[in-house]
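Notes follow the structure.
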Amino acid sequence: MKRFLAIVALSGVTLCLTPMAYAQNGKVNGTSVDVSGTITSGGTYQTAVAANPYRANCTIQNPADATEDLNVKIGTMAEPYVLAAGQALSTLNGSVNATDAITVTATTTGHAYAGTCQ
C-alpha cells in the first residue's frame, strides 16, 4: 500500500507541474502577430519587438528588394546581426528562444522590415 501511495503522490506532483511548465514555455499554437515596420530615424536603433518571457519565436526579415542592410540586435548585444536584402533572423535556436527586446536600424529613414512573432 505504501508503494501505491508513493506512486500516486509522485504522479500527482507530475500532473500538477506539467500544465504549469507548459504555460511557461510559450504558446505552442499561438497566433502570429505582425511586427513589420519602418525605420523612424535612420542610424538610430528602435524597438521592433518588446521583451516577452512567453514569446515562442520571432522572425525579422530585410525585404528581398531592400537596397541596404538591416541591423538587428537582440537584448543588449554590442554588435548587431547584419541582414542583407532577403535575409532573415529567427530568435528560435533549437529549443532555446531569445525573449529579449529586438531592436533594428538601417541607414535610411523609412527603410521597411518584415516580422512576425508568436
Side-chain angles (χ1 to χ4, degrees):
M1 183 66 170
K2 287 183 181 178
R3 278 190 181 166
F4 175 75
L5 290 177
I7 291 170
V8 171
L10 289 175
S11 295
V13 170
T14 302
L15 292 174
C16 289
L17 293 178
T18 301
M20 191 178 203
Y22 176 80
Q24 292 174 353
N25 284 336
K27 298 177 181 177
V28 174
N29 292 316
T31 302
S32 294
V33 176
D34 185 358
V35 295
S36 301
T38 57
I39 301 301
T40 56
S41 180
T44 303
Y45 279 91
Q46 66 187 48
T47 301
V49 183
N52 180 347
Y54 302 106
R55 182 169 63 221
N57 182 34
C58 276
T59 300
I60 302 292
Q61 182 181 23
N62 195 10
D65 61 351
T67 57
E68 62 185 352
D69 293 339
L70 179 70
N71 296 326
V72 182
K73 289 185 179 182
I74 300 173
T76 58
M77 292 175 60
E79 296 296 320
Y81 293 107
V82 180
L83 304 181
Q87 290 185 322
L89 173 72
S90 173
T91 61
L92 186 62
N93 182 7
S95 62
V96 177
N97 179 50
T99 58
D100 302 303
I102 300 171
T103 56
V104 296
T105 194
T107 304
T108 307
T109 297
H111 181 96
Y113 60 90
T116 57
C117 290
Q118 297 169 332

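Everything numeric in this text was worked out from a predicted model, so none of it was measured.
- Nearest heavy atoms, S41 versus Q46: N-OE1, 4.2 Å.
- For the pair A114 and S36, the tightest heavy-atom approach, listed with the atom from each and the gap, is CA-OG, 3.3 Å.
- Using a distance-only test at 3.5 Å, with no hydrogens or angles considered, a donor-acceptor pair links the side chain of T109 to the main chain of G42.
- When the side chain to side chain donor-acceptor pair (under 3.5 Å) test is applied to T91, the partners found at least two apart in sequence or on another chain are N57, N97.
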Subject >> Evaluation steps, side chain to side chain contact (heavy atoms under 4.5 Å, CB included), between Q118 and V33 >> reply: CA-CA 6 Å; Q118 297 169 332; V33 176; over 6 Å; no

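- Looking only at side-chain heavy atoms (C-beta outward), V49 and R55 come within less than 4.5 Å of each other.
- In this structure, the side chain of N62 engages the main chain of L83 through a donor-acceptor pair within 3.5 Å.
- Under the 4.5 Å side-chain criterion, counting only non-hydrogen atoms from C-beta, I60 is in contact with I102.
- Residues T59 and L89 are not in side-chain contact: their nearest non-hydrogen atoms beyond the backbone lie 4.5 Å or more apart.
- Geometrically, K73 does not engage Y81 in a cation-pi contact, judged by NZ or CZ lying under 6.0 Å from the ring centre and within 45° of the ring axis.
- Looking at every heavy atom in both residues, T105 comes nearest to I39 through CA-CD1, 3.7 Å.
- Q61 places no side-chain N or O within donor-acceptor distance of the main-chain N or O of G115, the cut-off being under 3.5 Å.
- Side-chain contact between E68 and T108: present, with at least one pair of heavy atoms (C-beta onward) separated by less than 4.5 Å.
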